[in-house]
Each structure stands twice: as structure tokens, then as C-alpha cells.
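First the structure, in the form of C-alpha cells, and then the observations on it.
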Amino acid sequence: MHFNDLPRVTLGHLPTPLEPLASLQSTPTGPRVWVKRDDCTGLAFGGNKTRKLEYLLADAEQQGATAIVTFGALQSNHARQTAAACARRGLACALILRDAVGRRVDDYERNANLLYDDLFGAAVHRVPADSTPEAVLKTVLAELAQAGHRPYVVPTGGSSEVGALGYARCALEIAAEFKARGLYPGTVVHATSTGGTQGGLVAGFRYAGLATRVLGINVYKTDSAAIAAEVKTLGQAVLDRLDPTLRLTDEDVEVVDGFLGDGYGKPTAAMVQALRRLASEEGLLFDPVYSGKALAGLLALLEANRLSDDVVFIHTGGAAALPVYASEFLTP
Ligand SMILES: *Cc1c(COP(=O)(O)O)cnc(C)c1O
């Protein structure tokens, strides 16, 4: 099936800008580095979930859904973008948010993404850290049915094979942008967690006929093999829709460890340093949970000379939640 025939609703400001990161091109022989500004997708502070939601909500609407149910941590960027997208499309939205990070700061429990979820009219259901979202899901689905809704359940991070289509489309966008400049995207680097972004990218570059390496910096869990397996499954599912003759192998999926620190949402010194550096040298904001840790990975890989020309860092967003981490950056 041709890509443009897949059902999609328009939510994002696409294509997002592709900008040179001049301050990272310190040596004349080093690779050229670009930032793909998916923090500027336009919907509610932007971020990578908008691309996924364009396909997810099209699928939901095609199935006659009137409500979206999805999952995340308390400060989930995915939940915030889903709530905004539902507001835009006139869908009800229920968010099941687990206190996964355990950050006991008043702002973390009330401000930033949680404030926006509320403004967008989403119903927020909080789940304690020691509980699972599944039990709550049953109740939420029953309540929605009771109110006459037809719910559509979106997995954590929007990472279903439908959501991953958004990042296959992003790969095609990057391929076209580099072709227009007479250049080649040798390596793409980004934060990876639930696998939809990386799976979609890997599938998209393969579909475009490019040998671009996609390096997902693990910011999510110690079991990176589980992330890699998810990436491969989602990527193959995308290819099965586009061109089933294309097969992914384990070598196509590269999940990079070493930048997670003590766990998901827990700040690291390398993240603080990388975030401060790009803010002061480029005027760009990244976030402590995803893009900042991925940036720390990018800097280390550049330092070790492990990336081939041209390098594209995908800014997946998240800076809307930066203020709830203020204490990590400010000296008291
Ligand atoms: C969700 C998210 C990611 C990770 O995307 P996945 O598709 O879940 O791997 C990266 N960065 C930000 C800011 C996110 O919100």
C-alpha cells in the first residue's frame, strides 16, 4: 500500500524544521550534526506523540470511536498530546496515569503536563506506583460504555503498529529533506522507550531504500533487550503494511545503553550537563526524562567518534515538563 493512502488526520505542523547544530561541529573532520525539531510539531507544545496520533485517531474515528483511553506516567507527554488531540477532534479522553517516577515534588504531582491534561478536558485517573493500570482500565471502560461512549484504547506511548506509522512518515520526511540538500542521513539518534518512534523510523528508512542507522538511546528500563524486541515487532508490522517483502533483522535494531541512570525519570549528571550545554550554546530546551538523556548519549557517541555523517538528532520534545525538575538545575 502506498504511504499516502493510509488513513491519517492532520494534527501536526509538518514537516518540522531541520536545523544545523553548529556548536556540535567542533572539528572540521567530525560529522555534521542536525536537529530535527519534532518538539515543534505544533500541538500543545509539540513532541513525538503528535505524529503517532495522526494515525491513531484516524484509526479510532474509522472504527466509530467517540473516546480515547491511554496510559502514562503522571507527567506523561504522550498523555498531554493525546488530550490535546482529542480536544481538537471532539473526542472524549481518559488518561490512566501511574505514579511511576515517585518524584515527591508538589509541582510534579500537580503542574505542567497534569495542568494541561486538565485544561484539555481529559479525565485523569491516577494509579499508585504499586498498582497496575489494567484494573483501572476495566472500570474506566465500563464507565465510558455506561455514558454511551465507544472507547478506543491506545497503548502507552502511542506505540501500536498504527502509531508507529507516524515515525515511518518522519523517516520519509528526513530522507526527502536530505535528498533535497544533496546529502545523506548516515545516523539518526533519539530517545527510545516504548519503541514506536524507533520502530517506525527503522521501517521508514528501509521502505525509503536508505541504509540510515537508527540509534535509540534507552531512557526507559534496564531491560534494553525488551525494548529492542518491541522495536523490531513494531517496525516489521509497519513494513508488513507497506511492503511485506521487506524484513527486519536484529542488526537493524540498535538500542544504546548507558544513559538511563537510576531509572526512568530519574535525572543524571550527564543529562544536566548536556541540557545546560545546548541551552547555553544553541538556545534550545530539552527535557530531563527523554531528550536530555538522549542528548547526553549523542554527545558521548560524538566524542567517541562512533557516528557517521550526517548525524540527525531527533528532538522528541518534552521540555513542557522541564519546570517540574527545576530543583535539579538550580543551585539553592
Ligand atoms: C514518548 C517520548 C519519547 C519516546 O518515544 P517512544 O516511541 O515511546 O520510544 C521520547 N521523547 C519524548 C519527549 C517522549 O515524550
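Because the structure is predicted, anything quoted here is derived from the model rather than measured. Note that ligands are numbered from 1 as they come in the structure, with each ligand's atoms numbered from 1 the same way.
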- The atoms of ligand 1 lying under 4.0 Å from a heavy atom of Thr192, numbered in the order shown, are 9 (O)
- Item | Polar side-chain atom of Gln25 near backbone of Val33 as donor-acceptor pair, under 3.5 Å | yes
- Task: Using a strict 4.0 Å cut-off to heavy atoms of Thr194, name the atoms of ligand 1 that fall inside it.
- Result: 6 (P), 7 (O), 8 (O), 9 (O)
- Query: Looking at ligand 1, does any of its N/O atoms fall within less than 3.5 Å of an N/O of Ala191?
  - Reply: no
- Per ring pair (Phe, Tyr, Trp, His ring centres under 6.0 Å), Trp34 is matched among Phe178, Phe313, Tyr184 by Phe178
- How far is atom 5 (O) of ligand 1 from its nearest protein heavy atom, and which residue and atom is that? Asn48 ND2, 3.0 Å
- Note on the structure: Rounded to the nearest 0.5 angstrom, the CG-CG distance for Asp240 and Leu248 is 9.0 Å
- Task: Enumerate the atoms of ligand 1 whose separation from the nearest heavy atom of Gly196 is less than 4.0 angstrom.
- Result: 7 (O)
- Item | Sole candidate of Arg80, Gln75, Gln81 that passes side chain to side chain donor-acceptor pair (under 3.5 Å) when paired with Asn77 | Arg80
- Query: For ligand 1, which atoms, with element, lie under 4.0 Å from some heavy atom of Thr197?
  - Reply: 5 (O), 6 (P), 7 (O)
- Note on the structure: The atoms of ligand 1 lying under 4.0 Å from a heavy atom of Gly195, numbered in the order shown, are 6 (P), 9 (O)
- Query: Got a sec: does the CZ of Arg306 have more than 12 other heavy atoms crowding it under 6.0 Å?
  - Reply: no
- Item | Option with minimal heavy-atom separation from atom 15 (O) of ligand 1, where the choices are Lys49, His78, Gln75, Arg80 | Lys49
- Note on the structure: Smallest heavy-atom separation, Val9 atom then Leu53 atom, equals CG2-O, 4.3 Å
- Please report which non-hydrogen protein atom sits nearest to atom 13 (C) of ligand 1, along with the residue it belongs to and the distance in Å to one decimal place. Gly317 O, 3.2 Å
- Query: Any salt bridge between Arg32 and Asp310, counting N to O under 4.0 Å?
  - Reply: yes
- Query: Should the proximity of Val219 to ligand 1, defined as any heavy atom under 4.0 Å, be assigned to the side chain, the backbone, both, or neither?
  - Reply: neither
- Task: Using a strict cut-off of 4.0 Å, indicate which atoms of ligand 1 neighbour a heavy atom of Lys52.
- Result: 6 (P), 7 (O), 8 (O)
- Query: Which ligand 1 atoms, with their elements, are less than 4.0 angstrom from a heavy-atom of Gly318?
  - Reply: 13 (C)
- Quick one: pull up NZ in Lys232 and CD in Gln198 and give me the separation to the nearest 0.5 Å. 13.0 Å
- Message: Tell me the closest heavy-atom pair linking Leu97 and Leu74, and the distance in Å.
- Response: CD1-O, 3.8 Å
- Does Ser291 come within less than 4.0 angstrom of ligand 1, counting non-hydrogen atoms of the residue? no
- Per the ring pair (Phe, Tyr, Trp, His ring centres under 6.0 Å) rule, which among Tyr264, Tyr325, Tyr220 passes with Tyr290? Tyr264
- Query: Can an N or O of Gln198 be found at a distance shorter than 3.5 Å from an N or O of ligand 1?
  - Reply: no
- Query: Just which atoms of ligand 1 are under 4.0 Å from any heavy atom in Ser159?
  - Reply: 7 (O)
- Message: Geometry only, no angles: is Ser193 polar-contacting ligand 1 at N/O separations under 3.5 Å?
- Response: yes
- Message: Between Phe286 and His315 (judged by ring centroids, cut-off 6.0 Å), do the two rings come close enough to count as a pair?
- Response: yes
- Message: Please list the nearest protein heavy atom to atom 11 (N) of ligand 1 with its residue and the distance rounded to 0.1 Å.
- Response: Thr316 OG1, 2.6 Å
